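Because the structure is a prediction, the values reported are computed rather than measured.
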Amino acid sequence: MENKLSKYGVSQPVNRPKIKPIKQLNLDTPEGQHLVHAEARLILAKHKNTFRRLASM
């Protein structure tokens, strides 16, 4: 099989192991609700004009 990455200077590609997620988020707790509110606040601040245009449709 041809090495597709050789044009980028990679001589031998390495197979990396798959990493399974192990942390479970519980959004029912006060910490989880705080996390949701903080993320929503960041998204609303970053995309303020987009949400303003969507609201006026």
Hydrophobic cluster partners of Val10 (side-chain heavy atoms under 4.5 Å):
Leu5, Tyr8
Under 4.5 Å between side-chain heavy atoms, chaining through other members, with only Ile, Leu, Val, Met, Phe, Trp and Tyr counted: pull out the rest of the cluster around Leu42, sorted by chain and number.
none
Looking at CD of Gln33 and CG of Asn26, how far apart are the two atoms once the value is rounded to the nearest 0.5 Å?
9.5 Å
Roughly how far, to the nearest 0.5 Å, is the CD1 atom of Ile43 from the OG1 atom of Thr50?
12.0 Å
Evaluate side-chain contact (heavy atoms from CB on, under 4.5 Å) for Arg53 paired with Met57, printing each intermediate quantity in order.
CA-CA 7 Å; Arg53 275 185 261 144; Met57 288 182 151; 6.0 Å; no
Interatomic spacing from CD in Glu39 to CZ in Arg41 - rounded to 0.5 Å
10.0 Å
Could you check if a side-chain atom of Arg52 sits within less than 4.5 angstrom of a side-chain atom of Asn49, using non-hydrogen atoms only?
yes
